[in-house]
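Working notes, beginning with the structure itself.
Naming convention: chains lettered A, B, ... in sequence-line order (proteins, then strands); numbering from 1 in each chain.
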Number of protein chains: 2
Amino acid sequence: MIPESFRRNFEPALQELLDNETFAISLDKGEVLLDQGAFITHIPIVLDGRLKVSQTDDDGHELFLYFIEPLESCVMTYTCCDGEAKSKIRAVAETDSEVMMIPKEKLETLMGFRTWRSFMMNAFRERFAELIDVLNSIAFTQLDQRLIKYLKEKAGGQSSISITHQAIAEDLNSSREVISRLLKQLESQGKVSLGRNHIELKK
Amino acid sequence: MIPESFRRNFEPALQELLDNETFAISLDKGEVLLDQGAFITHIPIVLDGRLKVSQTDDDGHELFLYFIEPLESCVMTYTCCDGEAKSKIRAVAETDSEVMMIPKEKLETLMGFRTWRSFMMNAFRERFAELIDVLNSIAFTQLDQRLIKYLKEKAGGQSSISITHQAIAEDLNSSREVISRLLKQLESQGKVSLGRNHIELKK
DNA sequence: AGAATAAAGTGACTTAAATCACAAAATGGG
DNA sequence: CCCATTTTGTGATTTAAGTCACTTTATTCT
């Protein structure tokens, strides 16, 4: 159930612990794993698929933060494990996904293992870097560049994406018209080709 | 040397460890504690004063991230402790500061203590929240609102701030003229009063 | 005190992006 | 196949913010 590539990182005792104390769930595309304001009871680690993490501020603006890809975990949940912390973020399945769930009571035990701490610290580091990256890109990068980056990320290796201009606009905090125009621009530059509900990345 | 209010959080054994294995340094205003790209050798915890944390991207844009206030530590350094990681951020003393330094080799030992892990997780949580906050504010908030928030943060209780419009502009990734104009606006709204090198928060 | 430097003020202009107000395709269900 | 709904295209206008080009006002230094 836990992929070997992931287990390998840990010593046998920890592997066994993970085998016994965690379980996996399947999420359908669009299903909400963790809602903002909900109590955190488990730490999720994505086994397959992709989660989209976002945050909605007081004024109802939804801010897309990042994707959680396979073998990554949601660092926000780690920090919420002592106390009855509520989640500050929302995690939704972007595609059908498999997620390994670790009950939060088990975290203390896991933290006893050096390799687990190392895994966790790594997760923190990467997520921090990612957040700073998003920040940078919002602060300095023009929308067309952000759009390209978003498309590549979203494609994740594939060359074709199924999404509406409206949905992109929401993720990038822009408006549909602007995204449509930028996409046209990218098309005329030969960087993408467009279809209804469909974007093809070129080269 | 370590303030009692801080020590109290930890069990005696850990207190003793901190007493023996850490040391404090004084930084003059403007002194660089940790430069971007530098190897991380110590984990800093601010005892007094304030550190300013920023990141410079490939194009040379400097992005102000957050302040580290007393009894807060720099979470970025935690994550860089295994391996020969280089710092992704830059920490500069905003005011004369006292900083407690923990050699990174000691971190593994500290992580053995439940109370330390709890302190650390807390630090992560707060910093994450802060980063998301900055992100939100850049993404959705108009410059005048961000300016007000910045001034309040910078004042930190005090009502008077010593800073030039230019410096504010740099922290907010704006331009001097724009900041000057917005400040004028705030002044005409009675929210601040202005002097050369000096801003007074009203109410 | 007077020159040099730093800080702040101001108008004119440009620009990226948002908004408004529609029109035109594409799709899908009955 | 036709009509309703989604999705996309496009012009016109507005707006916040950035840029340019100076001027004016404080400070500081010799």
Side-chain angles (χ1 to χ4, degrees), chain A residues 29-30 57 59-64 134-151 154 160-201, chain B residues 29-30 57 59-64 134-151 154 160-201:
Chain A
K29 176 176 175 176
D57 75 1
D59 307 336
H61 298 292
E62 183 167 348
L63 181 61
F64 163 68
V134 175
L135 205 47
N136 248 309
S137 113
I138 291 184
F140 302 117
T141 312
Q142 309 217 133
L143 201 50
D144 58 343
Q145 295 305 307
R146 288 178 59 208
L147 176 57
I148 292 174
K149 193 182 159 214
Y150 173 87
L151 292 175
K154 181 101 184 169
S160 139
I161 308 170
S162 284
I163 194 172
T164 69
H165 300 182
Q166 181 63 47
I168 297 176
E170 278 159 19
D171 279 350
L172 296 181
N173 310 305
S174 178
S175 64
R176 203 261 315 155
E177 297 93 318
V178 172
I179 297 298
S180 285
R181 274 187 264 253
L182 288 177
L183 281 171
K184 274 268 128 163
Q185 215 176 282
L186 290 179
E187 190 178 39
S188 79
Q189 291 166 21
K191 293 181 182 166
V192 300
S193 63
L194 302 175
R196 186 188 171 92
N197 253 315
H198 178 91
I199 298 171
E200 195 77 23
L201 292 185
Chain B
K29 177 177 172 174
D57 75 0
D59 306 337
H61 298 293
E62 185 167 349
L63 180 63
F64 162 68
V134 174
L135 205 47
N136 249 308
S137 114
I138 291 185
F140 302 116
T141 314
Q142 309 217 131
L143 200 49
D144 58 343
Q145 296 304 309
R146 288 178 60 208
L147 177 56
I148 291 173
K149 192 182 160 216
Y150 174 86
L151 292 175
K154 180 102 185 170
S160 139
I161 308 170
S162 284
I163 195 172
T164 69
H165 299 182
Q166 180 63 49
I168 298 175
E170 280 159 16
D171 279 351
L172 297 181
N173 311 304
S174 178
S175 64
R176 204 257 318 152
E177 297 93 316
V178 172
I179 297 297
S180 286
R181 274 187 263 252
L182 288 177
L183 282 170
K184 275 268 127 161
Q185 217 175 280
L186 290 179
E187 190 178 40
S188 79
Q189 291 167 22
K191 294 183 181 166
V192 299
S193 64
L194 303 174
R196 186 190 171 90
N197 252 316
H198 179 91
I199 298 171
E200 195 78 24
L201 292 185

In this structure, how many angstroms lie between the [atom2] atom of [N] and the [atom1] atom of [X], rounded?
X	N	atom1	atom2	value
His198(A)	dT6(D)	NE2	C1'	17 Å
Asn197(B)	dG9(C)	CG	P	12 Å
Ile168(B)	dA7(C)	CD1	P	12 Å
Ile199(B)	dA26(D)	CD1	C1'	16 Å
Glu170(A)	dT8(D)	CD	C1'	15 Å
Glu177(A)	dA16(C)	CD	P	18 Å
Phe140(B)	dA18(C)	CZ	P	11 Å

Show each protein N/O and nucleotides 16-18 of chain D N/O combination with a separation under 3.5 Å, one pair to a line.
{"unit_1": "dA17(D)", "atom_1": "OP1", "unit_2": "Leu143(B)", "atom_2": "N", "d": "2.7"}
{"unit_1": "dG18(D)", "atom_1": "OP1", "unit_2": "Asn173(B)", "atom_2": "O", "d": "3.4"}
{"unit_1": "dG18(D)", "atom_1": "OP2", "unit_2": "Ser174(B)", "atom_2": "OG", "d": "2.6"}

Task: Leu194(A) vs Leu186(A), side-chain contact (heavy atoms from CB on, under 4.5 Å): CA-CA, chis, key distance, verdict - done: CA-CA 10 Å; Leu194(A) 302 175; Leu186(A) 290 179; over 6 Å; no
Notebook entry, point to check: Considering only heavy atoms, which members of residues 183-190 of chain A lie under 4.0 Å from some atom of DNA chain C?
Noted result: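 Per residue number, the list is empty: none.
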Starting at [atom1] of [X], measure out to [atom2] of [Y] and round the result to the nearest 0.5 Å.
X	Y	atom1	atom2	answer
Ile168(B)	Ser175(B)	CD1	OG	12.5 Å
Ile179(A)	Gln166(A)	CD1	CD	9.5 Å
Leu135(A)	Asn173(B)	CG	CG	8.5 Å
Leu147(A)	Leu151(A)	CG	CG	4.5 Å
Thr141(B)	Lys149(B)	OG1	NZ	7.5 Å
Arg181(A)	Arg176(A)	CZ	CZ	8.5 Å

Checking Ile163(B) against Asn197(B) for the side-chain contact (heavy atoms from CB on, under 4.5 Å) test, could you report, in this order, the C-alpha distance in whole Å, the side-chain angles of both residues, the deciding distance, and whether it holds? CA-CA 5 Å; Ile163(B) 195 172; Asn197(B) 252 316; 6.0 Å; no
Give the intermediate values and the outcome of side-chain contact (heavy atoms from CB on, under 4.5 Å) for residues Val178(A) and Leu182(A). CA-CA 6 Å; Val178(A) 172; Leu182(A) 288 177; 4.1 Å; yes
Tyr150(B) vs Phe64(B) aromatic rings, parallel, tilted or perpendicular, using cut-offs 30° and 60°?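 Ring orientation, 0 to 90° scale: perpendicular.
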Whether each nucleotide of nucleotides 23-30 of chain C has a protein heavy atom under 4.0 Å at its base (B), only at its sugar-phosphate (S) or at neither (-) is summarised, 5' to 3', as --BBS---
Open item on the list: Is there a side-chain contact (heavy atoms from CB on, under 4.5 Å) between His198(B) and Ser160(B)? Walk through the geometry before answering.
Closed with: CA-CA 7 Å; His198(B) 179 91; Ser160(B) 139; 3.2 Å; yes
Would you indicate which nucleotide in dA8(C), dT10(C), dT19(C) comes nearest to any side-chain atom of His165(B)?
->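 Within the option list, the nearest is dA8(C).
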